[in-house]
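Both backbone and side-chain heavy atoms feed into the values below; hydrogens, waters and symmetry mates do not.
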Amino acid sequence: MQLPPELQQDADKALAQLKDTYSDFSQWSQERLTQLQQVTAMSKFVTEALQQDQTLFEQLPVMLAESSREQAYRERLAALLAVCEQEVDGHRVLRRFRNREMVYIAWRDFLNDWTLEESLSHLSMLAEAMIVETYQWQYQVCCKEWGTPCNAEGEAQPMLIIGMGKLGGGELNFSSDIDLIFTYPENGETQGARRSIANAQFFTRLGQRIIKALDQQTFDGFCYRVDMRLRPFGESGPLVMSYAALEDYYQEQGRDWERYAMVKARVMGREMYPEYQELRQMLRPFVFRRYIDFSAIQSLRRMKSMISSEVRRRGLGNNIKLGAGGIREVEFIAQVFQLIRGGREPSLRGRGLLETLDAIETLKLLELGEVDQLRDGYCFLRRQENLLQAMADKQTQTLPDNEPEQRRLAFAMGFDDWQSMLSATEQHMLNIHNVFANLIGEDEEDEDANPIAKHFHELWDMVGRAEVIEHILQHDLNVENAHDKCATIQQFKADLAKKTLGPRGREVLNRLMPKVFSAIYSHKDAEFGLPRVLHVLHRIVTRTTYLELLDEHPAALTQLVRLCTASPMISEQLGRYPILLDELLDPAHLYNPVPLESYKTELRDYLARIPEEDMEQQMEALRQFKQTCILRIAAADIAGVLPVMKVSDHLTYLAEAIVEAGINQAWQQMAAKYGEPTHLKDRGSKGFAVIGYGKVGGWELGYNSDLDIVFMHDCPVSVYTDGKKEIDGRQFYLRLAQRIIHIFSTRTASGILYEVDTRLRPSGASGLLVSPTDAFDDYQHNDAWTWEHQALVRARMIYGDAQLEQAFGATRHNILCKSRDKGALIEQVVDMREKMRDHLGGKKAGRFMLKQDPGGITDIEFLAQYLVLQYSHDKPKLTRWSDNVRIFESMMAQGVMAEGQAMALTCAYTTLRDEIHHRNLLNLDADVAEEKFEPEKAIVVEAWNAWLGTR
């Protein structure tokens, strides 16, 4: 197919980038070059992978000559891992191998020169090869360290890795998670090492290393997001269990959704199949009942109801997986028949969806035309899903809403335009949903679902009798410290007696409290949840509307318990600002923070509902928006959806959006009173900038961070404003800055926005609140101390127009690139570090202060600042970034620091920051037991001593 003009432009741009990187295209035939243009026009992932990997660029034409590569995956990967002596080398091999093979798969997908089954098979076999060869590699390493795990007869024990979901079914999509369960045959101990350890301990350590090898983000990316939540007991269960423990669990506690999941379970690695047969025979009665299991229909209806409500709640019409008639509904239809009839019909026990549809057709369980519709729709949507994800290697099933991506996807799917493809998609989804609705029937309200157990009612009704409450807690609910928990509940009810509730409020509370206790004691950390949830309820109990919200929306109550149990910070926020409870109504919304690029537009829309002249309500809205966003960020953090780097990104982008909105509010007030400085005429900007230092400058904000900022303008001396009340232009900017600080610092009903610290401006607290750009430049060149230049390393403009950004960027670059005497710089940096530690003090006996102690975060920051100041005069690219992670990446790229040390420092830095984030959520200080983080401390101290001299 000929590329449309718009895509041809993308292709030309991508090819030009590659030609800038590589001079030799001799191995690329004309046919391959034409294909290269087509694929790179559609896939940013392929373009970037080729640019970053010269070996891939050179080998790809040879790879593409092969019609299939899946059979050789394991052999090739095993050979590469066999020569890896260091863990970091193995991680790089895995990531590069994955990227290279994914480019091959994406290439074939975009050119549509193989079947969907071939594509899914390659994706699944690649993942299996990565998993199994990582296991083989790490198993040998672990055996050398701790001995070989053996049973009572001395026979070596393997670990089996069970692939679930699409991986188990051999139908993995392009950017899928991998769902795994780890198990081993028998308990015992390791042999051949100085000290034996239990098999369970050995396999747990092995499992952790496998997850790290595949899941950890490194400079080369990651391989797969590894999800272990399908294992027995979920996240709270052991990482690895023996066969016997698995059998006990599924016989005694296995739930319907686990039967549903286990249908696709498949052991990874053909050599493990003989070993797996014993386990499979044990699990088969749990998954496939010997009789036709119509008892499964009710639980399947509940699953269907959950899908339907999720679709309605999230408005997922454009989601080709979760939307009505999407991929999930086809999977659900197939597994309905597998669960109901699989015990009697062996042909329904296959793991693959398409083979199950074939069996359904053969058994005439659906009409012939219906199976054809399901098969055609499934293949269409799965191909569309793969192409959608292969465009940027992102896990998404939502059809794009911007024209460039729509053009790419439509072309890749073989359509002339977006509307044609959309119509075909909608028709396939309609066909699927009709079969789905006919098969499962309408939603049914099950009046007996989720009954509240008698003792949860009694906990509330019998509060006056302490002995009864303690008995229920201790004997019925197995609660530790029942006496203390009883006292907490009794105190809560006693405090309610002092409140004015009214008949309606008391009625709602009496209905709600048994549900509250049920939700709390369904959580594994109920001892933490009880006082925190009761704290929130105590704060909102006079607001009957909020009690009704929790009573009528079980999902909201579940989220309240989950978040309060995880974080006292969140429980305090919810108690202080009950309006945030509205966020609990939609868990899918709650655990998905605003996209990074959307904070400014979301805030703009949020403020648009309030009259511009109502400044009090505008200020209140800013605070409410911030609190809502932080709740969502913290919820995603607690749920493990956001890693530490992404948490900081979200907090930083949120702060930048609020800074912009605060400036706009202040500007509007100032302009109404004084007019605008005349030098701005026809300029279309404010001539004003905010420079972010420290955490906001380095994209590293935490939950409780202040904003370290400096204000700048470029107003000439002779300028005045053009309003009725004329004032000097520079006076205007001074008052503007004061107004901004007022907007941020004023305490309203919703608290303050941010603590603002402007002491990093030229001459500190005694200097001008707003600096002209030329004065800022002059000060930095002639009067600033070394520590102020250190601060400049972590500075960037977070608000302002292009002229000011250019002026600040030039000053920063020139200052950081100044040649410095190495000995004097080391002395000044070390001296400032010691002064800071002495000034902040607060050392606690037996505790490691994560920020200030030797080996902590501040040491890493000072080391990064020193390296930039010392080496930028010779390597000016070091000045590009203001965040520590990318500074160390630049140090490595520019040859200043060895790769191993740079990666180790980055890992130590993100680990310590992650700990601080989570301690913030728990309202704990940034200190831990002295013996914790010893490896990280050692890495930092060693690097400090190497670069800045022994302390």
Side-chain angles (χ1 to χ4, degrees), residues 109 112 115-117 119-120 166 169 171 173-174 260 263-264 297 300-301 303-341 347-348 350 352-389 396-401 406 409-443:
D109 279 348
N112 195 24
T115 64
L116 174 70
E117 290 92 328
S119 174
L120 300 183
K166 287 186 171 67
E171 300 159 343
N173 58 31
F174 196 87
Y260 183 91
V263 168
K264 286 185 175 293
I297 292 177
L300 292 168
R301 280 205 175 111
M303 292 183 202
K304 187 260 182 182
S305 178
M306 288 167 61
I307 293 172
S308 300
S309 61
E310 182 180 17
V311 170
R312 285 194 300 270
R313 188 176 65 246
R314 294 172 60 184
L316 295 173
N318 62 343
N319 188 298
I320 59 174
K321 176 182 178 182
L322 302 177
I327 294 164
R328 182 185 276 183
E329 288 192 0
V330 186
E331 296 169 341
F332 191 83
I333 290 166
Q335 287 175 311
V336 163
F337 289 112
Q338 290 183 298
L339 287 177
I340 293 174
R341 299 178 180 273
S347 62
L348 287 171
L353 185 132
L354 292 173
E355 63 178 302
T356 302
L357 289 181
D358 291 342
I360 291 169
E361 184 177 54
T362 301
L363 295 169
K364 297 183 170 55
L365 299 177
L366 286 173
E367 296 295 328
L368 182 63
E370 290 180 324
V371 176
D372 288 339
Q373 287 178 337
L374 292 175
R375 188 185 289 114
D376 294 346
Y378 176 79
C379 290
F380 181 92
L381 294 176
R382 284 304 309 272
R383 179 161 183 263
Q384 193 175 55
E385 176 187 43
N386 266 8
L387 292 170
L388 185 59
Q389 295 183 350
T396 180
Q397 291 90 15
T398 302
L399 293 177
D401 53 11
Q406 289 176 346
L409 184 59
F411 180 77
M413 287 291 292
F415 289 89
D416 292 332
D417 58 72
W418 171 253
Q419 196 55 50
S420 301
M421 191 207 75
L422 194 59
S423 298
T425 304
E426 289 170 347
Q427 186 59 55
H428 281 299
M429 294 180 76
L430 178 63
N431 293 342
I432 291 168
H433 189 64
N434 286 338
V435 179
F436 181 83
N438 291 337
L439 178 66
I440 304 299
E442 297 303 315
D443 291 345

Check: Is there side-chain contact between Ile327 and Asn173, with at least one heavy-atom pair below 4.5 Å?
Finding: no
Item checked: Shortest non-hydrogen contact between Leu353 and Lys264, atoms and distance -> N-NZ, 4.0 Å
Next item on the list: Measure the CG-CE distance between Asn319 and Met429 for me, rounded to the nearest 0.5 Å.
Entry: 7.5 Å
Note to self: With heavy-atom distances below 4.5 Å as the criterion, would you say the side chains of Leu399 and Gln384 are in contact?
What the structure shows: yes
Margin query: When you compare the side chain of Leu374 with that of Glu329, does any pair of heavy atoms fall below 4.5 Å?
Written below: no
Next item on the list: Output the distance between atom CG (Leu354) and atom CG (Asp358), rounded to the nearest 0.5 Å.
Entry: 7.0 Å
Note to self: So does Gly350 get a backbone contact from the side chain of Gln338, meaning a donor-acceptor N/O pair under 3.5 Å?
What the structure shows: yes
Next item on the list: With side chain to side chain contact (heavy atoms under 4.5 Å, CB included) as the test, would you mind laying out the steps for Leu366 and Phe337 before giving the verdict?
Entry: CA-CA 10 Å; Leu366 286 173; Phe337 289 112; 3.9 Å; yes
Note to self: Applying side chain to side chain contact (heavy atoms under 4.5 Å, CB included) to Leu348 and Ile360, what does each step give before you reach the verdict?
What the structure shows: CA-CA 8 Å; Leu348 287 171; Ile360 291 169; 4.0 Å; yes
Check: How many angstroms lie between CD in Glu370 and CG in Leu439, if you round to the nearest 0.5 Å?
Finding: 8.5 Å
Next item on the list: Compare every heavy atom of Met421 with every heavy atom of Phe380, then report the nearest pair and how far apart it is.
Entry: CZ-O, 4.4 Å
Next item on the list: Show the numbers, then the answer: is there a side chain to side chain contact (heavy atoms under 4.5 Å, CB included) between Leu322 and Gln397?
Entry: CA-CA 8 Å; Leu322 302 177; Gln397 291 90 15; 5.8 Å; no
Next item on the list: Could I get the full list of side-chain contact (heavy atoms from CB on, under 4.5 Å) partners for Gln406, not counting sequence neighbours?
Entry: Pro400, Glu403, Trp418
Check: Shortest non-hydrogen contact from Ala359 to Ser347?
Finding: CB-O, 3.3 Å
Next item on the list: Measure the shortest side-chain to side-chain distance between Leu381 and Ile432 over non-hydrogen atoms and say whether it is less than 4.5 angstrom.
Entry: yes
Checklist line | With sequence neighbours excluded, residues passing salt bridge (Lys or Arg N to Asp or Glu O under 4.0 Å) with Arg383 | finding: none
Notebook entry, point to check: Should Leu422 and Glu426 be marked as a side chain to side chain contact (heavy atoms under 4.5 Å, CB included) after you check the CA-CA gap, both sets of side-chain angles, and the distance that decides it?
Noted result: CA-CA 6 Å; Leu422 194 59; Glu426 289 170 347; 3.8 Å; yes
Item checked: Donor-acceptor pair, side chain of Asp109 and main chain of Leu387, under 3.5 angstrom -> no
Margin query: Regarding Glu331 and Arg328, does a basic nitrogen lie under 4.0 Å from an acidic carboxylate oxygen?
Written below: no
Check: For Glu367, does the CD atom have more than 12 heavy-atom neighbours from other residues, nucleotides or ligands under 6.0 Å away?
Finding: no
Next item on the list: Look at the side chain of Arg382 and the backbone N and O of Glu171, then say whether any donor-acceptor pair between them is shorter than 3.5 Å.
Entry: yes
Notebook entry, point to check: Which distance, rounded to the nearest 0.5 Å, do you find between the CG of Leu363 and the CZ of Arg341?
Noted result: 8.5 Å
Checklist line | Heavy-atom check, side chain of Asn431 versus side chain of Val435, under 4.5 Å | finding: no
